[in-house]
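Just so it is clear, the values below take in all heavy atoms, side chains as well, and ignore hydrogens, waters and symmetry mates. Note that the numbering runs from 1 along the sequence shown for the chain. It should be emphasised that the depicted structure is a prediction, and the values quoted were computed from it without experimental measurement.
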Amino acid sequence: MPALLLGPLAVDKAYRSRGLGRRLMGEALFRAIAAGHGAILLVGDAPYYEPFGFARRHTLGFPFPALSMKRVFLGSNSMMAL
């Protein structure tokens, strides 16, 4: 399945809490799906990315080079990300 590793996305501290991160994610997800990616993976903070459809359960069974990566490696079925 074609997949995309997304990120990192960041918003400068002076511009946070204005919805810019949400818009960046929306555009990134739209472009990934339009390009035909069936899965989207990222490394990030689960509580922030869960509203976009990302969760650790989508990466269960992936081989991780370091155990510490397991808790921050998130995945999404691209159709769920919308």
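- Among residues at least two apart or in separate chains, there is no salt bridge (charged side-chain N to carboxylate O under 4.0 Å, His left out) pair with a member in residues 9-20.
- Residues I40 and F54 come closest through the heavy atom pair O-CE2, 3.5 Å.
- In this structure, CZ on R22 lies 13.5 Å from CG on L9, to the nearest 0.5 angstrom.
- A distance of 7.5 Å separates OG1 in T59 from CG in L41, rounded to the nearest 0.5 Å.
- The shortest heavy-atom contact between S76 and G53 is OG-O, 3.3 Å.
- Scored by the side chain to side chain donor-acceptor pair (under 3.5 Å) test, E27 finds R31 as partners (sequence neighbours excluded).
- The shortest heavy-atom contact between A28 and L6 is CB-CD1, 3.7 Å.
- Distance check: L42 CG to Y48 OH gives 10.5 Å after rounding to the nearest 0.5 Å.
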